[in-house]
Amino acid sequence: MTPEQLAAASKPLVLELGEAFARCPSTLRRARLLGISGWAFYITGRAGALGDVRAETVAAALGFIAPEAVTDGWDAAARTVPPLEVAAANLAECCRWGTARLGDGAESPRLAALLGRAVEAADGSGMPLFAAWRAMPVPDPSPGARAAVGMLLLREHFAGAYLLAVRAAGLTPLEAVLAGPEGEAGAAACGWAPPYPPVGPLVRRRLWAEAVTDRLASAAFRALSTAEGAELLGLLGAARQRARRG
């Protein structure tokens, strides 16, 4: 399996696991403790690692969420709590989820180690969110927490690579969302308002962008041997089963 093939095979697992903690009721309770809405916590929790920047900068970094929706969440949180504090709370929730859901698995140390090597080898050029998150100190050194943070970081790496690939394909972020599996429902969930452009001509470009994403993300997986890549896929699959059972 080549690094590019490993990136393609691991992508759906990483995308699911890297954000699983965000849907946990305990994470949503943390938003209430901070005095902000779940949406404000999601936006600022993801982009707060960038620091105290303008909403326009956040929208450009996130890419696929409508700028107006980004502004609503970012500005609402900023009136109550500093962005870096929200990001730190988000990271703490990721660690808590990892300890609770993955920490009791005998394979967690190995999963954390492989993910850590991939994250360290990843190229963060043009991916400000990934670079900012990689620079954040991890508050919990336990294997489950480190594995969860590794999946969060790789998720942001894939997201950043996809945004670069979408723009290179000549697509806007909205067009990429519309051409994706969720279509108009996905666009609405990301805050984009209709009317929407026709989807038909966009699908081929989106598929090209998916392939370029795998190419861009493959640098992270060159740090692993073929055997280690297969091992990582198995460990990610086992982690997904454990997380879904939880």
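Just so it is clear, the model here is predicted, and its values are computed rather than measured.
At least one donor-acceptor pair under 3.5 Å links the side chain of R101 to the backbone N or O of A243. Checking side-chain atoms of S108 against main-chain N and O of L102 turns up a donor-acceptor pair under 3.5 Å. A donor-acceptor pair is defined here as one N or O able to donate and one able to accept, closer than 3.5 Å; no such pair exists between the side chain of R240 and the backbone of L13. Listed for the Q241 side chain is no donor-acceptor partner under 3.5 Å among the backbone atoms of A238. With hydrogens and angles disregarded, a donor-acceptor distance shorter than 3.5 Å links the side chain of W74 to the backbone of V53. Judged by distance alone, with hydrogens and angles left aside, the side-chain atoms of R205 form no donor-acceptor pair with the main-chain N or O of A209 at under 3.5 Å.
P83 approaches G51 most closely through the heavy-atom pair CB-O, 3.7 Å. When all heavy atoms are compared, the tightest approach of R146 to A113 is NH1-N, 4.5 Å. Considering every non-hydrogen atom in both E93 and F21, the closest pair reads C-CD1, 4.0 Å. When all heavy atoms of V119 and L153 are compared, the pair lying nearest together is CG1-CD1, 3.7 Å. Heavy atoms only, all atoms of each residue included: A121 and A220 are closest at CB-O, 3.8 Å.
For an aromatic pair to be called close, the ring centres must be under 6.0 Å apart, and W39 with Y42 satisfies this. The aromatic ring centroids of F64 and Y162 lie less than 6.0 Å from each other.
With rounding to the nearest 0.5 Å, the separation of OG in S225 from CE in M1 is 12.0 Å. One distance of note links CG of D214 with CZ of F221; it measures 9.5 Å at 0.5 Å rounding. Between atom OG1 of residue T80 and atom CG of residue L34 there is a gap of 9.0 Å, rounded to the nearest 0.5 Å. From H157, atom NE2 reaches atom CG of L152 across 13.5 Å, with rounding to the nearest 0.5 Å.
Ion pairing of R134 with E120 is absent here, as no side-chain N (NZ or NE/NH1/NH2) approaches a carboxylate O to less than 4.0 Å. With salt bridges taken as basic N to acidic carboxylate O contacts below 4.0 Å, none links E16 and R155. A salt bridge links E156 with R46: the distance from a Lys NZ or Arg NE/NH1/NH2 to an Asp or Glu carboxylate oxygen falls below 4.0 Å.
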Next on the checklist: Does L236 form a side chain to side chain contact (heavy atoms under 4.5 Å, CB included) with M151? I'd like the steps, not just the answer.
Outcome noted: CA-CA 9 Å; L236 287 171; M151 292 184 290; 3.8 Å; yes
Checklist entry - Step by step, would you call L84 with M136 a side chain to side chain contact (heavy atoms under 4.5 Å, CB included)? => result CA-CA 10 Å; L84 274 173; M136 290 277 289; 4.3 Å; yes
Checklist entry - Run the side chain to side chain contact (heavy atoms under 4.5 Å, CB included) check on Y196 and L174 step by step: do they pass? => result CA-CA 9 Å; Y196 301 123; L174 170 57; 4.2 Å; yes
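Side-chain contact of S218 with R222: a donor-acceptor pair under 3.5 Å is present, judged by distance alone. In this structure, a donor-acceptor pair under 3.5 Å is present between the side chains of R29 and S26.
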